[in-house]
Every structure is written in structure tokens, then in C-alpha cells.
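Throughout, a chain's letter reflects where its sequence line sits, starting with A, and its residues are numbered from 1. What you see below is based on every heavy atom in this structure, not just the backbone, and it leaves out hydrogens, waters and symmetry mates.
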Protein chains: 2
Amino acid sequence: MQTFSKRVSMTVVKRLPKYYQYLTDLQDQHIEKISSKELAAMMGLTASQIRQDLNSFGAYGQQGYGYKVKELKEAIRKILGLDLQYNCIIIGSGNLGHAIVNYERFKEEGIHFKAMFDVDPDQIGKKVGNVTVYHMDDLDAFVAHHKIDICILSVPQKVGQETTDRVVELGIKAILNFVPLDLTVPDDVVVESVNITDSLFTLTYLINEDDDDE
Amino acid sequence: MQTFSKRVSMTVVKRLPKYYQYLTDLQDQHIEKISSKELAAMMGLTASQIRQDLNSFGAYGQQGYGYKVKELKEAIRKILGLDLQYNCIIIGSGNLGHAIVNYERFKEEGIHFKAMFDVDPDQIGKKVGNVTVYHMDDLDAFVAHHKIDICILSVPQKVGQETTDRVVELGIKAILNFVPLDLTVPDDVVVESVNITDSLFTLTYLINEDDDDE
DNA sequence: TAGATTGTTAATCGATTAACAATC
DNA sequence: TAGATTGTTAATCGATTAACAATC
């Protein structure tokens, strides 16, 4: 029988990493069992919502008991694709690029940084941890000889789109974008953006939110 | 007459910085007029949605004409609270902290970095641009003598919550959080989180999304 | 005036919450 | 078995889309 799983909504998908984080924490605390009610209280969601979310992927709980932390965590890990390995390059070896390479958590989850690229002569040839910075001129050759799954983009805004175009041209299908810019990519390329400017402006809104009529 | 503006939903608020970005771009291109239809096409929204969003704050357009880019941009700028000035400290002077201090865009919008704090002896006393790194021991005194509106948090995960508690204790009411952790704060403190780990895991999900039944 | 496009109300769609039978 | 809690259906709520009168 063919399965016809309805495409899961982005709203649910965006909550998955949070579930994974909380379940990892629970496991670190050696808690073996959790109910949707307990998890809801921890995460600020409702029990119903959690059960709905999880059930869009399958039945991971046990009636009358709850969810086994380890089992559920592993299930979500797999749903997130974290059972796989990813080769990754970083374009833009500024402070942000450095910060990401040094992020221990990524390595733990099978994200392998293969190279950094920049145009600044002072940066070329340097090593950040065990990752070498190459010149952008060497990008094509490098990607041709390595299977690269993800490109992390932390270049100046004005070259954001052109760099994206180049990366897409080279066949990379996933971009983690730190440039405060909405990138245009073909349908078969996925982009996830971290927009620090947007976050800051949301914060300034919230700071003043209640001032008008309270 | 008293105004009873219904509280604007977070869904709409999260789109405001995007409107602001697009309107800024339009103004830079010297485009004076835009219709909801044109803006919708650019932003990947519907014209209806844009008109609904904007009208939750007031009537900024002209029937039969559209929106004056400059006027609308200024209106949103004000809604976002970017007509005000904000004093800001950064706790954690690692690469991420450095990246943020060097972010030109923030200064343009009235965000002033007053100091950085760290516990690493090698960092104390250094200057990043014109911002000095102080020891965390000096935090209380500094905040007591400066009106600090925003704290940017880029400390190691394991001290994320305790640092937050300390900052809250000192009376700071807004936190831009880069620690991959859901911070607990009192109701009168606003937190906006940038969670790079969550974004990466969303990306790995999307990479594998269509693999199961297609 | 005629054409265009807003502001706003009504209809639809999707997400959350509630309820409860299934079952561990 | 009785109690607990899931999986899942139904009800509600909120967000998006459609429609159109107001009006520039």
C-alpha cells in the first residue's frame, strides 16, 4: 500500500528542533519518560498541540504511559535528518564565519566543515580550528572535488545574491543564510535564513509595544 | 475618545522588519510609489495580506494610488521603535559578539553599543571598534551608571540562564539572545532569540523533506 | 469622469484546542 | 482492573484570502 503522508506544515517543522533540544536535555538529566502534558508545561505549548505535532510523523508514544525520552528523541533526530552526515562550506570568513566553525554542537550532529572561502588576502591560508580558508577563486574546483551538501553564507550584503547564484550554479542545494537579504533561489534549493537585523527590530518593537494604550 | 487598538498578533509583527527592509530598498532605488500588489509580488505575500497587516496599525495608503514609499517606510520605522535611541551592552566577547559590534546597520538605526563584557582575561581591556571589553565583575557598576536598554547575549550555553538572571536583576528589560537556550524571564522583560542550531536543523529537515514519498 | 487601488467586511482556510474512545 | 495518557476526531479560534464599497 502506498503511503500518502500529507506534507507537514512549516509551523510544525519549525517546532521540531525545539522538541529535539528539550528531549536532549531530558536525556542528559537521565529522565526516561515524559508525558505530553509535562513536556507542554516545559515548552510553553499545550499537550494537545504536542500530540498533534508528533502524530503528523507517526505514533511514537504509548497510551497510558507517555513517551520514552530516548525513543522519541531518536525519532525526531531522524525526522530532522540528523542521522545523516553533511559536508559544509562557509563563505565569508569574518567573525560570524569564525563563530560558526567554532560551534561544537554542529560537529556532534554530523555537520562537517570542509573549508572556508574569502576574498581577503589576509585570511587566505589561515586555519580556523582545522578548517582552512581558501580564496573564492578556488571555490569551483573545491566543490567539484568534494560532495558539499550545505553552504553557510556570511558575506557582505552587497555580494549576497551574486554569491548565492554562484553556489547554486555549482549544484549546492542547501544554504544557511546569515546575510540580511531575502535570497532568490530555484525551487530545488532550500534556504534557511538567520536574520539578525529582523530579530533586533522585532525586539525594539516589543520594547515599545505597550506604550500606546496602557 | 479613547483608542482601543487590539493587540497586534506576533505573526504580523514578525513581518514588519521585512516590510521595513523592502521599503528601504525601494527608497534607495528612488522608487516613490508602490501598490500592495507590487509589494506583494516582491515579497512573496498577497496584496490582501499586506493591506491587512498595515491596517492593523493605521491607514497609510491612498485609495486609487497606492502607498508613498517614503511615508510608509517612516511609519513602519516608527512602529518598530526605530525613531528612538537604544543603549546596548554585549555580554560575551567571542566571535559572535565581535560580529555584532561590527554590524554597521545597527548604528544606522539608533542602536549604540556601550560596552562588552567577558570573563576571559585575554579579552578584558581590548577594544572592538570603539567598544571596550570589561570584566563581568564590572557589569553591575556599569549598568548602574548607564541607561542600558538592550543586552545582547552571546555567552556559552551553560551560563546562559544565570547570566540572564543577573541582567534581569540589574533592571534590563530587553534581551537579544544568541544562546541556543529558551531563556526564562519575568513578564516585563522581552526576549528575542536567534537560534542558529534550530535554523540549521530546520535546514537539514528541508534537505531530506521530499525523499520519503515522491 | 473612468480607472485604480485602498480600507474593510465577509468567506475560507489552516492551526490550535477540546474531547473522548482506544489501550497500555 | 482502575488510572493514565495516547492517538484521533470534532470544535474553536485565528490568520489568510476574496470581494467590494469607498474614494483618490
Integer-rounded Å distance: C:dT17 C1' and A:M43 CE: 17 Å
Sugar-phosphate, base or nothing in reach of B:S48, heavy atoms under 4.0 Å: base
Value in whole Å for how far the P atom of D:dT16 lies from CD1 of B:I50: 12 Å
Donor-acceptor pair between A:D53 and A:Q49 side chains, under 3.5 angstrom: no
Straight-line distance of B:S48 OG to B:K37 NZ, nearest 0.5 Å: 13.0 Å
hbond_proxy B:T11 side chain to D:dA15 base (donor-acceptor, 3.5 Å cutoff): no
Whole-Å distance separating the NZ atom of B:K37 from the P atom of C:dG7: 17 Å
Euclidean distance, atom OH of residue B:Y60 to atom P of C:dT8 [Å, nearest integer]: 12 Å
For DNA chain C, the residues among residues 61-74 of chain B that have a non-hydrogen atom under 4.0 Å from it: B:G61, B:Q62, B:Q63, B:G64, B:Y65, B:G66, B:Y67
Rounded distance in Å - NZ (A:K14) to P (C:dA15): 14 Å
Pair B:R51-B:S36, side-chain donor/acceptor within less than 3.5 Å: yes
Side-chain donor/acceptor of A:S9 to base of C:dA15, under 3.5 Å: no
A:N55 versus A:Y60, side-chain donor and acceptor atoms under 3.5 Å: no
Length of the CE-C1' vector between A:M10 and D:dA15, whole Å: 18 Å
Any A:K33 side-chain nitrogen or oxygen under 4.0 Å from OP1 or OP2 of D:dT5: yes
Atom pair distance, as rounded to whole Å: CD in B:Q49 and C1' in C:dT8: 16 Å
From A:V12, A:T24, A:L39, residue fulfilling side-chain contact (heavy atoms from CB on, under 4.5 Å) relative to A:Y19: A:L39
For atom CG of B:D53 and atom C1' of C:dT6, their distance in whole Å: 15 Å
Closest listed nucleotide, where the reference is the side chain of B:S36 and the choices are C:dT6, C:dT16, D:dT16: C:dT6
For C:dA18, the Watson-Crick or wobble partner whose two distances fall under 3.5 Å: D:dT9
Distance-only side-chain donor-acceptor flag, A:Y20 / A:E109, under 3.5 Å: yes
Note: A:K18-B:D198 ion pair, threshold 4.0 Å (strictly below): yes
Base partner of D:dT23, which must satisfy Watson-Crick or wobble distances under 3.5 Å: C:dA4
Distance-only donor-acceptor test (3.5 Å): side chain B:Q52, base C:dT6: no
B:R51 side-chain N/O to C:dG7 phosphate OP1/OP2 under 4.0 Å: no
